[in-house]
Amino acid sequence: MKYVYPYLVYITAFGIVPFLGAFALLGVNFKSAFSIFELVPLGQIVVNTLIFAFFTALLSAVVGTILAILVDMTSRGSRLISLLTMLPYTIPFTSSALIWTISLYGKFGWFSYIFHVPFDPLYLSSTAIWAVTGVSIWSSIPVSFLVIVSSLRSIPKEVREASVMDGLSLSQFYGKVAVPMIGKAFWISFLLQFVLAMGNFDLPYVLTQGGPGYASTTLPLLVFDEIFLSGNFSGGEVVAAILGLMATLPSIALIFLFRSKRRKFLPSVNIRIPDSMFRSVIYVISAVILFLLDFPVYWMILVAFRNASLDFRAPPVLLPVKLTPSYFISSLEGAVPYLITSAVVGILASVFTVLISLPASYEASRRGLSWMLFLSIYLYSLPAASFIIPLYLLFTATRLLNTWWALILSTPIFTATFATWIFYNFYLDFPKAYDDAASVFGIKRKLTRIVFPLSRGTLFTVFLLSFVFNWHLLFYPLIFASTPYNMKFPPEGALTITVYALDAIGDQSLNWGLLASSALVAALPVMVVTLFAIDRVLRGDQRSGVKFI
């Protein structure tokens with residue numbers, strides 16, 4: 001158990017205790033805590049949160065399945081299609097929100113123009129929550145695709161050969177065999193996206209800040225507003241507790257799904273369509289989806305490098321004209337302190353993630369400690385707002401606010417728990433012959449001499465994914481930091497590149513070039529890293545070793 005203890009100590013100190021502490025703090029000022037019910041339309045905000053989470057989870061899983069089927073049945077170009085599908089995942093939520101802010105801008109945005117939307121849906125109370133949900137679906141499809149395509153690729157070759165021998169068409173194979181077999185992955189994707197969307201602070205905050213009024217306010221936004229704008233800590237704790245309780249039910253369902261031994265979680269559909277027609281339908285639907293996934297990234301790059309005189313044209317200019325690097329260079333120069341913080345925090349937090357999660361996962365898989373995996377999945381799926389107040393008080397008391405250490409210590413509660421999920425599944429198939437050989441030859445330090453070297457593919461991929469997660473963060477940096485890095489030593493200031501991109505909205509909301517270039521500066525470094533990491537995962541070979549189920 002010696003390898004498990006550091007991991008358990010960490011998740012207890014920065015996960016379990018803060019989560020339970022959020023409920024304990026409700027008693028600090030009970031009357032003030034529940035005054036929130038009189039001041040805000042809590043029922044509407046709960047409904048907004050459920051709409052946002054449910055439709056994000058459902059549609060991202062459905063669309064992810066369609067794209068996974070396309071990749072699975074396509075021999076040539078499947079890797080390119082996969083990378084194009086994953087492209088939105090490379091964009092931090094803050095940058096995603098900035099992209100869509102200028103994409104939905106009335107008659108001047110590309111989306112509004114192409115789909116004939118004569119108004120900005122973000123600014124109408126009747127459409128705001130749906131527009132925010134649409135952007136969330138766009139950001140969530142890649143992860144659902146990744147989980148589902150990994151499951152499709154795990155279908156035994158013998159099953160595919162048997163379907164051919166039985167004369168099944170492609171539509172019958174996927175309807176009767178493949179999709180029912182990956183039903184568990186579908187629902188894992190759904191539940192995972194549901195709980196993650198429930199705790200998503202970044203997109204609603206950047207896109208609408210909860211407006212108009214409370215039309216698009218979700219529970220994480222309300223926690224932030226009550227604590228850090230209104231100074232109502234007790235009221236914020238009520239909302240954080242409600243959010244934690246709401247997330248607990250799907251989190252428990254996710255754990256039971258992992259433990260279930262059932263084979264089929266989706267019904268069989270026996271529809272025989274000629275293969276050529278089935279392929280054509282999938283190709284057409286997928287082409288539309290891929291356009292919607294990737295054109296916003298093209299729009300971001302285009303607007304970042306063109307003259308501002310082209311921004312407010314109706315119809316919008318969709319081709320490269322009057323290109324200039326001035327906005328991008330200006331944004332890059334101002335972003336240096338924020339980039340340094342994001343890089344340092346991302347690297348150190350990712351190293352820490354690997355060092356505590358890999359040994360714990362290895363020992364847990366060898367000793368059958370499946371409860372540790374389920375505890376990790378539960379903590380990973382909880383919203384960040386469930387931990388925030390006790391951690392804020394802890395970092396205030398220890399004078400770690402506005403330092404890199406506050407972020408390095410707090411963010412692995414998500415990356416280490418996710419890494420444990422990946423490493424645990426990897427080590428279930430790790431040959432026990434290595435353990436026997438170490439015992440026979442009396443090899444000491446087996447972990448560093450055998451396990452680490454043989455796990456380097458998975459280790460490297462997990463490190464990269466952890467780095468990407470840390471780079472995307474907005475909620476924790478907004479709360480635990482107040483100034484950018486002072487470019488001195490010892491370092492002070494810990495605002496990250498996502499906060500820098502968010503600040504571009506400020507007084508420059510009508511300057512699309514600055515918005516897009518700030519979004520691009522925040523996204524570009526991690527786009528390269530993410531595409532490299534995702535490419536390794538999509539290969540599905542021994543070098544990546546990543547398994548989700």
Side-chain angles (χ1 to χ4, degrees), residues 35-56 92-109 111-112 117-140 197-232 235-236 238-240 242-243 246 296 312 383-385 388 474-475 477-479 498-499 501-512 514-516 518-519:
S35 65
I36 191 173
F37 290 101
E38 303 172 1
L39 301 175
V40 301
L42 194 60
Q44 178 189 352
I45 294 171
V46 170
V47 170
N48 287 344
T49 305
L50 292 175
I51 288 174
F52 181 74
F54 177 78
F55 285 99
T56 294
F93 283 132
T94 306
S95 296
S96 299
L98 294 182
I99 294 171
W100 282 98
T101 296
I102 60 177
S103 297
L104 298 171
Y105 198 87
K107 60 183 179 180
F108 306 115
F111 184 90
S112 303
V117 180
F119 57 89
D120 190 333
L122 294 171
Y123 291 95
L124 290 181
S125 58
S126 58
T127 58
I129 188 61
W130 298 104
V132 173
T133 302
V135 179
S136 178
I137 294 167
W138 178 81
S139 299
S140 303
M198 192 177 290
N200 189 320
F201 165 83
D202 303 14
L203 285 179
Y205 181 77
V206 180
L207 285 167
T208 64
Q209 293 193 345
Y214 290 98
S216 60
T217 301
T218 56
L219 289 173
L221 264 69
L222 188 58
V223 172
F224 180 82
D225 290 345
E226 289 299 311
I227 296 172
F228 299 100
L229 297 183
S230 302
N232 183 7
V238 170
V239 182
I242 291 172
L243 185 59
M246 288 175 60
F312 296 97
I388 197 67
L474 175 65
F475 189 52
L478 266 181
I479 292 171
T498 51
V499 180
L502 175 65
D503 288 343
I505 291 180
D507 297 329
Q508 305 290 342
S509 58
L510 294 181
N511 192 326
W512 285 13
L514 286 177
L515 282 177
S518 298

Peer 1: Would a distance-only check, ignoring hydrogens and angles, find a side-chain to backbone donor-acceptor pair under 3.5 Å from N48 to Y214?
Peer 2: yes

Peer 1: So, the side chain of S103 versus the backbone of G109: is there a donor-acceptor pair under 3.5 Å, distance only?
Peer 2: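 No, because the side chain of S103 does not come within donor-acceptor range (under 3.5 Å) of the backbone of G109.
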
Peer 1: Test side-chain contact (heavy atoms from CB on, under 4.5 Å) on V135 and I99 and set out the steps.
Peer 2: CA-CA 10 Å; V135 179; I99 294 171; over 6 Å; no

Peer 1: Working note: F201 + V223, criterion side-chain contact (heavy atoms from CB on, under 4.5 Å); need CA distance, chi angles, decisive distance, verdict.
Peer 2: CA-CA 10 Å; F201 165 83; V223 172; over 6 Å; no

Peer 1: Donor-acceptor pair, distance only, cut-off 3.5 Å: does the side chain of S96 make one with the backbone of P92?
Peer 2: yes

Peer 1: Report yes if some heavy atom in the side chain of P296 is under 4.5 Å from a heavy atom in the side chain of W138; otherwise report no.
Peer 2: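 Sidechains of W138 and P296: in contact.
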
Peer 1: Are M198 and L219 close enough that some pair of their side-chain heavy atoms sits under 4.5 Å apart?
Peer 2: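 Counting from C-beta outward, M198 and L219 never come under 4.5 Å.
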
Peer 1: Take K107 and V117, measure what side-chain contact (heavy atoms from CB on, under 4.5 Å) needs, and give me the verdict at the end.
Peer 2: CA-CA 7 Å; K107 60 183 179 180; V117 180; over 6 Å; no

Peer 1: Run the numbers on D120 and T127 for side-chain contact (heavy atoms from CB on, under 4.5 Å), then give the verdict.
Peer 2: CA-CA 9 Å; D120 190 333; T127 58; over 6 Å; no

Peer 1: In a table with atom names and distances, give each donor-acceptor pair under 3.5 Å that connects a side chain of residues 202-212 to protein atoms at least two apart or in another chain.
Peer 2:
unit_1	atom_1	unit_2	atom_2	d
T208	OG1	P204	O	3.2
T208	OG1	G210	N	3.1
T208	OG1	S216	OG	2.6

Peer 1: Can you name the nearest heavy-atom pair linking L122 to V132, along with the distance?
Peer 2: CD2-CG2, 4.1 Å

Peer 1: Just by distance, do the side chain of S95 and the backbone of A519 share a donor-acceptor pair under 3.5 Å?
Peer 2: yes

Peer 1: Does F111 have any ring-ring contact (aromatic ring centres under 6.0 Å, His included) partners at least two apart in sequence or in another chain, and if so, which?
Peer 2: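 By the ring-ring contact (aromatic ring centres under 6.0 Å, His included) rule, F111 matches W100, F115.
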
Peer 1: Is any side-chain heavy atom of T217 closer than 4.5 Å to a side-chain heavy atom of Q44?
Peer 2: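 Not in contact.
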
Peer 1: Determine whether T498 and T94 satisfy the following criterion, side-chain hydrogen bond (donor to acceptor under 3.5 Å, both in side chains), listing intermediate values before the conclusion.
Peer 2: CA-CA 6 Å; T498 51; T94 306; 4.6 Å; no

Peer 1: In Å, rounded to the nearest 0.5 Å, how long is the span from CG of L124 to CZ of F119?
Peer 2: 5.5 Å

Peer 1: Counting C-beta onward and ignoring hydrogens, is there a side-chain heavy-atom pair between I102 and L98 closer than 4.5 Å?
Peer 2: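 No - every pair of side-chain heavy atoms lies 4.5 Å or more apart.
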
Peer 1: Is a side-chain donor or acceptor of T218 paired with a backbone partner of T49 at a separation under 3.5 angstrom?
Peer 2: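 The answer is no, because no donor-acceptor pair under 3.5 Å joins these two groups.
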
Peer 1: Any chance you could measure T133, atom OG1, to F55, atom CZ, to the nearest 0.5 Å?
Peer 2: 8.5 Å

Peer 1: For the residue pair Y105 and S112, what are the closest heavy atoms and their distance?
Peer 2: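 Nearest heavy atoms, Y105 then S112: N-OG, 4.2 Å.
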
Peer 1: Do the side chains of F224 and I479 get nearer than 4.5 Å, heavy atoms only?
Peer 2: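 Yes. Closest side-chain heavy atoms under 4.5 Å.
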
